[in-house]
Amino acid sequence: MEIPEDLIVLGIEGTAHTAGVGIIQGKEILANQKNMYKPETGGIHPRESADHMTKWLPIVIKKALEEAKISLKEIDAIAFSRGPGLGPCLRTTATAARTLALMANKPLIGVNHCVAHIELGRLLTGAENPITVYVSGGNTQITHYNQQRYRILGETLDVPIGNALDTIAREMGLPHPGGPHIEKLALKGTEFIKLPYAVKGMSLSYSGLITAATKLYKKGISKENIAFSVQEVAFGMLAEVSERALSCTESKELMFTGGVAANQRLKQMLKQVAEEQDATFYAIPKKLAGDNGVMIAVTGALHYVANDTLPIEKSYVIPRWRTDRVPILWRA
Ligand code: ATP
Ligand code: FE2
């Protein structure tokens, strides 16, 4: 199914740190506004992040409507990130979405955040049925569509890759989010130090890598060499799994998304994997690879065309909503 040209959907993202609102008309992006919660110290505090949503969602919604130059009345449906994510953030976002749906008297749609990354990726890149490598602070998944589900071929067994990079960076005294700092430091690394490489079937584990990298830092090894070695090992694991996924499914498309997709070294490795498997490599533009409201609007539109809307009284949030539990009714 295709998104009709005149369908206007507003999507609200609020699973973790990003209060994001996107508005689309057909396949065209009319607005993309966001405000990110940045903890002063340490990682995300769920309640603080939820307070941030309470404060910022109304402002971001207003800004998005202004950017799109439309009024609430003109919107055909309101979509929101129903899960997976942090409970307090999800509940705040759902409340905002329900309020808008009731105000506009338009249907409400609950969207799975991980499915949304995939659907926006397909729309932007034109990939049809790719192996998707979705890497972020909260998720690490390798998926492939089959019989109305995005099947999870492989995933992290413990810590997501972005979270692992952030934790290692924090241990080395770097600010949050640490991923970009690790990338910068890694460019200056000159010596590779062996670290735990843990691939199990098509799944991965990063907890041993965190412990080992932290120990190296305490032993006085330079941040540059740790960052370099961490990247080579952590990304090498993802490359191996992606290669296996392409080979097992015989898919000829590899798509790369999530906040960690901003990393050039990882991009280079996955691109090489795709080339070696005769697959086309698709990367989502950096601006839309991280969390945003547009992906919720796009996926909301797909639910809408499949007649899959959500009654207000059933619109509870699902903090642990797995990608493969969502019926993908819009794909044959
Ligand atoms: P999700 O809710 O999908 O799990 P998220 O809340 O982690 O996403 P994103 O914006 O998708 O939010 O991703 C943020 C993550 O991306 C952080 O862990 C951050 O360190 C990481 N990241 C951002 N830029 C880079 C980079 N250049 N290299 C490595 N990691 C990066
Ligand atoms: Fe995300």
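- With Ser247 contributing its side chain and Glu243 its backbone, the two residues share no donor-acceptor pair below 3.5 Å.
- Annotation: the span from Gln147 atom CD to Ile328 atom CD1 amounts to 13.5 Å, rounded to 0.5 Å.
- Lys106 contributes a side-chain N or O that, together with a main-chain N or O of Ile75, makes up a donor-acceptor pair within less than 3.5 Å.
- Residues Ala306 and Met1 share a closest heavy-atom pair of CA-SD, 3.9 Å.
- Shortest non-hydrogen contact noted between Leu65 and Leu72 is CD2-N, 4.2 Å.
- Residue-environment remark: CZ (Arg47) stays at or below the threshold of 12 foreign heavy atoms within 6.0 Å.
- Annotation: side chain of Leu108 is not in contact with side chain of Thr309 (no heavy-atom distance under 4.5 Å).
- Contact record, Thr93 with Gly14: OG1-O, 3.0 Å, taken as the closest heavy-atom pair.
- Taking all atoms of both residues into account, the shortest heavy-atom contact from Pro84 to Leu90 is C-CD1, 4.4 Å.
- Proximity of Ile152 to Arg322: side-chain heavy atoms (C-beta onward) are separated by under 4.5 Å at one or more points.
- Here Thr92 contributes atom OG1 and Lys55 contributes atom NZ; the two are 14.5 Å apart, rounded to the nearest 0.5 Å.
- Each of Trp330 and Ile8 belongs to its own hydrophobic cluster when Ile, Leu, Val, Met, Phe, Trp and Tyr are linked at side-chain heavy-atom distances under 4.5 angstrom.
- Between the side chains of Thr167 and Asn163, at least one donor N or O lies within less than 3.5 Å of an accepting N or O.
- The side-chain heavy atoms of Thr257 and Leu120, taken from C-beta on, include no pair separated by under 4.5 Å.
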Original post:
Can Glu13 and Thr15 be said to form a side-chain hydrogen bond (donor to acceptor under 3.5 Å, both in side chains), step by step?
Top reply: CA-CA 6 Å; Glu13 158 60 30; Thr15 54; 2.6 Å; yes
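- In summary, the aromatic rings of His17 and Tyr37 are positioned with their centroids too far apart to meet the 6.0 Å limit.
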Original post:
Does the side-chain hydrogen bond (donor to acceptor under 3.5 Å, both in side chains) test come out yes or no for Ser229 and Glu232, once each step is laid out?
Top reply: CA-CA 5 Å; Ser229 309; Glu232 293 308 299; over 6 Å; no
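- Judged by distance alone, the side chains of Glu155 and Asn139 never bring a donor and an acceptor atom under 3.5 Å apart.
- Between Phe256 and Phe281 there is a side-chain heavy-atom pair separated by less than 4.5 Å.
- More than 12 non-hydrogen atoms from other residues, nucleotides or ligands lie less than 6.0 angstrom from NZ of Lys252.
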**OP:** Give the C-alpha distance, both sets of side-chain angles, the deciding distance and a yes or no for side chain to side chain contact (heavy atoms under 4.5 Å, CB included) between Tyr134 and Thr143.
**Re:** CA-CA 8 Å; Tyr134 163 37; Thr143 55; 5.9 Å; no
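- Formation of a donor-acceptor pair under 3.5 Å by the Ser49 side chain with backbone atoms of His45 is not found in this model.
- Both Val298 and Tyr150 sit in one connected hydrophobic cluster of ILVMFWY residues. Membership requires side-chain heavy atoms under 4.5 Å apart, directly or through other members.
- Judged purely by distance below 3.5 Å, without hydrogens or angles, the side chains of Glu67 and Gln33 pair a donor atom with an acceptor atom.
- Counting only heavy atoms from C-beta outward, the side chains of Ile12 and Leu100 approach each other to under 4.5 Å.
- Counting only distance, with no hydrogens or angles, the side chain of Arg82 and the backbone of Val111 share no donor-acceptor pair below 3.5 Å.
- Within the model, atoms CD1 of Ile29 and CG of Leu124 stand 5.5 Å from one another, a figure rounded to the nearest 0.5 Å.
- No hydrogens or angles considered: nothing links the side chains of Asp291 and Thr18 as a donor-acceptor pair under 3.5 Å.
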Subject >> salt bridge (charged side-chain N to carboxylate O under 4.0 Å, His left out) between Lys27 and Glu2, worked out >> reply: CA-CA 9 Å; Lys27 292 179 182 171; Glu2 287 268 318; 2.8 Å; yes
**OP:** Evaluate the criterion side chain to side chain contact (heavy atoms under 4.5 Å, CB included) for residue pair Ile284 and His117; output intermediate values, then yes/no.
**Re:** CA-CA 10 Å; Ile284 288 153; His117 274 292; over 6 Å; no
Subject >> side chain to side chain contact (heavy atoms under 4.5 Å, CB included) between Asp308 and Ile109, worked out >> reply: CA-CA 7 Å; Asp308 191 14; Ile109 296 164; over 6 Å; no
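- Criterion: ILVMFWY side-chain heavy atoms under 4.5 Å apart, direct or through other members. Under it, Val115 and Ile142 are not part of a common hydrophobic cluster.
- A donor-acceptor pair under 3.5 Å links the side-chain atoms of Thr125 to the main chain of Ala127, judged by distance alone.
- Using a 4.0 Å cut-off between a side-chain N of Lys or Arg and a carboxylate O of Asp or Glu, Glu66 and Lys63 do not qualify as a salt bridge.
- Not one N or O on the side chain of Asp324 forms a donor-acceptor pair closer than 3.5 Å with the backbone of Arg151.
- Distance CZ/Arg170 to NE2/His181: 13.0 Å, rounded to 0.5 Å.
- Remark: side-chain polar atoms of Asn292 are paired, donor with acceptor, to backbone N or O of Met295 under 3.5 angstrom.
- One side chain, Thr323 or Gln141, offers a donor N or O that lies under 3.5 Å from an acceptor on the other.
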Original post:
Can you check side chain to side chain contact (heavy atoms under 4.5 Å, CB included) on Ser242 and Leu254, steps first, answer last?
Top reply: CA-CA 8 Å; Ser242 307; Leu254 185 67; 4.3 Å; yes
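- Met36 and Ile61 are members of different hydrophobic clusters when ILVMFWY side chains are connected at heavy-atom separations under 4.5 Å.
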**OP:** Go through the steps for Arg98 and Ser315 under the test side-chain hydrogen bond (donor to acceptor under 3.5 Å, both in side chains), then give the verdict.
**Re:** CA-CA 8 Å; Arg98 284 180 206 119; Ser315 63; 2.7 Å; yes
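- With a 4.5 Å cut-off on side-chain heavy atoms, Ile161 and Thr156 do not count as touching.
- Within a 6.0 Å sphere centred on CZ of Phe192, heavy atoms belonging to other residues, nucleotides or ligands number more than 12.
- Linking Ile, Leu, Val, Met, Phe, Trp and Tyr residues whenever their side-chain heavy atoms come within less than 4.5 Å leaves Leu123 and Leu30 in two separate clusters.
- Checked by atom type and distance alone, the side chain of Lys223 never pairs as donor or acceptor with a backbone atom of Gly189 at under 3.5 Å.
- Leu310 has its side chain within reach of Phe80: a pair of non-hydrogen atoms, C-beta onward, lies under 4.5 Å apart.
- Not one N or O on the side chain of Thr140 forms a donor-acceptor pair closer than 3.5 Å with the backbone of Pro160.
- From Phe228, atom CZ reaches atom NZ of Lys188 across 14.5 Å, with rounding to the nearest 0.5 Å.
- Using modelled atom types, one side-chain atom of Glu253 and one backbone atom of Glu128 make a donor-acceptor pair closer than 3.5 Å.
- Ion pairing of Arg244 with Glu240 is present here, as a side-chain N (NZ or NE/NH1/NH2) and a carboxylate O approach within less than 4.0 Å.
- Both tests pass for Arg331 against the ring of Tyr145: distance under 6.0 Å to the centre and angle within 45° of the axis.
- Of all non-hydrogen atoms in Met237 and Ser205, the two that sit nearest each other are CE-O, 3.2 Å.
- Taken to the nearest 0.5 Å, the CD1 atom of Ile221 stands 12.0 Å off from the OH atom of Tyr217.
- Under 3.5 Å, the side chains of Gln272 and Glu276 contain a donor-acceptor pair of N or O atoms.
- The shortest side-chain heavy-atom distance between Asn263 and Phe235 falls under the 4.5 Å cut-off.
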